[in-house]
Amino acid sequence: MNWLIVLVLGILPQLAISQNKGSISTENWMSSPGIIGTFVLIAIVMVVAAVILLVKLNSYIDTLKQKQHDKNKMAFDDEIIAMEEGEIDSILEKRKAALTYKLSGDELGGENEAVDEKGLVHHIDNKPNNAFFDEKKKTTLSIETPEALKKVVIYYVAAAAFWLVLGTTIGQYLGMKFVWPEMDHQSWLSFGRLRPVHTNMVFWGWSSLAMIGLGYFVIARTSNTIIHSYKLAWTGWLLINATIILGSLFLMAGINNGGGEYREYIWPIMLLFAIALIITFINFYKTVAKRKISEIYISNWFILAALIWTIVLSIIGYLPFYQDGLGETVIQGYYMHQGVGMWFMTFTLGLVYYYLPSSLNKPIYSYSLGVLAFWTQMLFYTMIGTHHFVFSPLPWWLQTVAIVFSVGMVIPVVAGTTNFLMTMRGSWNHITKSYVLPFFLVGTIFYFVGSMQGSLQAFRFTNFVWHFTDFNVAHSHMTMYGIIAFFLWASIYAIIPKLTGKEPPQVLVGAHFWMAFLGLFAYMVSLMAGGTYKGLSWIEGNAFIESVILMRPYWVWRAIGGSLMLLSHLVFVYNLYYMVKNYRKVEVEVKSKKVEDITV
């Protein structure tokens, strides 16, 4: 790991800060390190997708071969079933005689016809087209988990799924507006009003609720105790949902906080969300404080840190004396990137440190790598927000600091990616058995690819080309969707069946996975390519309308990719409904105490 620190702190910063506006030229833009690195990262995603697809196809072919083998065996059994009555009586007599069977000493040799003399065969199925699956391992987790905690997790995840579908439906509608701008003429349906509705709904509604719901289980489980207060958990649930409802209505009515991206909610509404975060932090902290074990698991480090940072962030982002001039620009970069990195990314990584090893039934590969990733994330992520304002009126030194710290993010990203991939090592056969590991694998690859691409995008040349273009939309979806959403889905599919005892149909989970992945890939690549050409068009001094015209085919692919993503969300909601509908509540008496009263 020492070589990586030397590379990041020594060589890469020199590459990042050695560029200046006067030396930038687009003649050989394809040879730029940022451009080349982005191509390499996209290729990594394609290779991983191809590997997963080949493994799944190979498993499917093996299944077909096994079905044919079973069919041949069934045909032989059918012949026996079709025998005359006398022949059947003879077989039954042989079975009765098998009850008194004793070894004769020549069982391993001889030329006698093979028969079931021990009467081992007890069932014949003459429907060879039916699929056969190994019986899944039973888990005691459903019994050990209090019903009150199950209910909290399920309701948080269910509310998150609702906001995911509604939020991405709005996003798809906005994507179609790029192709058909005359779809409507209502002010409350205009792009300027609906776009922040979409982003805030999927940020604070889908991602935040899902993270907190899954976090409640992690906090209790890793602390070997019960949640401090279920009442506080439900209060937080109500406040967050109220924030989304009121915030969306106000945004569609044209009442907003101005141009601050991801902080368009006015402060009285965002105050509800901040209170929910404070309540959640108190609940999590007191649960960890009364833990039954001495150690604090690494997941809790990430989760509690994410809550602390976001509470501070919510306050700083809405302080009135930062709301004008260049001060607001600096705070906007801080708020936007802290929201993504210190709330969504940090909290979700905490979830992965629990759900990934637990789903594979093995410990995390390296606790030390987890600690390294945690502290370097805390160090480097706090200063990178200004890289969105390179070549702006902000001080040049501040822009340079943001670029250097962006390169420093290589350390936590490589540490985290290595930890997750090494944890998966030796368990790749799980890819053929379920889609939980593929969701984790894709999330891990996008964690590496999206984060590294963000560091490359911070370079001055790539910023010069891509800033203000659709490329940034592609990058945000690569991170918030490819990393956060895939990790959340993996965690949901890993824990909900264990809590309810109901597995979703693997075919539908597969449909969810592939539509989400292919949709994201089409969305991402189309906007990356189109955004690059748009940036180059602006640099060449072409009229703005020309860049709009050249983007049309890429916007069509954006709509196609968005459609696949939305369809995958509908499948996910059905899978979730299937897992939680009418699940059997476990009421077990343990030493005169119900399971709700015992620790998890």
Side-chain angles (χ1 to χ4, degrees), residues 141 143-157 208-240 272-315 338 342-358 363-364 367-368 370-379 381-382 491 495 499 590-591 593-600:
L141 200 59
I143 299 176
E144 298 169 355
T145 305
E147 286 296 331
L149 179 57
K150 289 186 192 179
K151 190 175 180 181
V152 166
V153 174
I154 290 172
Y155 270 75
Y156 267 87
V157 172
S208 297
L209 280 169
M211 292 188 316
I212 294 173
L214 294 167
Y216 267 108
F217 183 84
V218 174
I219 289 290
R221 188 73 178 175
T222 57
S223 300
N224 194 29
T225 187
I226 60 175
I227 294 297
H228 169 68
S229 170
Y230 290 110
K231 184 178 180 180
L232 289 180
W234 288 113
T235 303
W237 185 87
L238 290 171
L239 287 173
I240 294 177
L272 299 178
F273 186 81
I275 295 173
L277 290 182
I278 295 172
I279 289 174
T280 303
F281 173 75
I282 293 173
N283 216 7
F284 281 14
Y285 175 79
K286 289 194 173 183
T287 301
V288 174
K290 64 178 183 180
R291 63 190 182 279
K292 298 295 196 307
I293 54 178
S294 59
E295 299 85 1
I296 298 179
Y297 186 60
I298 188 67
S299 289
N300 300 341
W301 289 38
F302 279 89
I303 291 172
L304 292 176
L307 284 163
I308 293 173
W309 273 110
T310 312
I311 292 170
V312 174
L313 179 66
S314 301
I315 297 172
Q338 292 290 94
M342 301 306 288
W343 174 233
F344 298 109
M345 192 69 71
T346 302
F347 200 115
T348 303
L349 289 176
L351 298 178
V352 177
Y353 272 100
Y354 173 80
Y355 286 110
L356 174 60
S358 66
I364 195 71
Y367 202 89
S368 297
V371 174
L372 173 66
F374 174 81
W375 286 113
T376 50
Q377 173 109 349
M378 298 300 106
L379 171 64
Y381 219 114
T382 56
S491 302
I495 191 60
L499 297 182
V590 180
K591 294 182 179 181
K593 288 188 177 182
K594 289 187 176 180
V595 73
E596 287 91 341
D597 299 324
I598 64 173
T599 60
V600 290

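Each residue takes its place number in the sequence, starting with 1. Because only heavy atoms are used, hydrogens play no part in the values below, and waters and symmetry mates are left out as well, while side chains stay in.
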(request) Scan side-chain atoms only and decide if Asn283 and Tyr230 contain a donor-acceptor pair under the 3.5 Å cut-off. (result) no
(message) To check you understand the geometry: which heavy-atom pair defines the closest contact between Gly215 and Phe284, and what is its length?
(response) C-CZ, 3.9 Å
(message) Side chains of Trp343 and Leu307, heavy atoms from C-beta outward: is any pair under 4.5 Å?
(response) yes
(message) Tell me every residue that passes side chain to side chain contact (heavy atoms under 4.5 Å, CB included) with Thr222, counting only those two or more places apart in sequence or in another chain.
(response) Val218, Tyr297, Asn300, Tyr354
(message) Taking the side chain as everything from C-beta on, heavy atoms only, tell me whether Ile303 gets closer than 4.5 Å to Leu351.
(response) yes
(request) Working to the nearest 0.5 Å, report the span between OG1 of Thr310 and CZ of Phe281. (result) 11.0 Å
(message) Could you check whether any side-chain N or O of Tyr156 sits under 3.5 Å from a backbone N or O of Leu214, counting only pairs where one atom can act as donor and the other as acceptor?
(response) no
(message) If I take atom CD1 from residue Ile311 and atom CD1 from residue Ile275, how far apart are they, to the nearest 0.5 angstrom?
(response) 11.0 Å
(message) Side chains of Ile212 and Ile240, heavy atoms from C-beta outward: is any pair under 4.5 Å?
(response) yes
(request) For the residue pair Tyr353 and Phe302, categorise the inter-ring angle as parallel (less than 30°), tilted (30 to 60°) or perpendicular (more than 60°). (result) parallel
(message) Any donor-acceptor pair under 3.5 Å linking the side-chain atoms of Thr225 with those of Lys290?
(response) no
(message) Ring of Tyr155, cation from Lys151 - is the NZ or CZ under 6.0 Å from the centre and inside 45° of the axis?
(response) yes
(request) Kindly give the heavy-atom pair with the smallest separation between Gly350 and Ser299, and that separation in Å. (result) O-OG, 2.6 Å
(message) Quick check: closest heavy atoms across Ala276 and Gly236, and the distance to 0.1 Å?
(response) CB-O, 3.9 Å
(request) State, yes or no, whether a side-chain contact exists between Arg291 and Asn224 at a heavy-atom distance under 4.5 Å. (result) no
(request) Take atom OH of Tyr285 as the centre, draw a 6.0 Å sphere, and report whether it contains more than 12 heavy atoms from other residues, nucleotides or ligands. (result) no
(request) Locate the shortest heavy-atom distance separating Ser208 from Phe273; write the atom from each residue and the value. (result) OG-CZ, 4.0 Å
(message) If you compare all heavy atoms of Ile495 against all heavy atoms of Tyr355, which two are closest, and at what distance to 0.1 Å?
(response) CB-CE2, 3.6 Å
(request) Assign the ring pair Trp375 / Trp301 to parallel, tilted or perpendicular, where the plane angle (0 to 90°) is split at 30° and 60°. (result) perpendicular
(message) I need the Ile227 CD1 to Phe217 CZ distance, nearest 0.5 Å.
(response) 10.0 Å
(request) To the nearest 0.5 angstrom, please state how far the OG1 atom of Thr145 sits from the CD1 atom of Ile226. (result) 13.0 Å
(message) So, taking the atom named CZ in Phe347 and the one named CE in Met211, what distance separates them when rounded to the nearest 0.5 Å?
(response) 5.5 Å
(request) Specify whether Trp237 and Trp234 have parallel, tilted or perpendicular ring planes, treating 30° as the upper limit for parallel and 60° as the lower limit for perpendicular. (result) perpendicular
(request) Could you grab the distance from atom CG of Leu277 to atom CD1 of Ile308, nearest 0.5 Å is fine? (result) 12.0 Å
(message) If only side-chain N and O atoms count, and only distance matters, is there a donor-acceptor pair under 3.5 Å linking Trp309 with Thr382?
(response) no
(request) Check Val153 against Gly213 and note the closest heavy-atom contact, atom names and distance. (result) CG2-O, 3.5 Å
(request) Measure the shortest side-chain to side-chain distance between Leu239 and Ile279 over non-hydrogen atoms and say whether it is less than 4.5 angstrom. (result) yes
(request) With the side chain counted from C-beta on, respond yes when Thr346 and Gln377 share a heavy-atom pair under 4.5 Å apart, and no when they do not. (result) yes
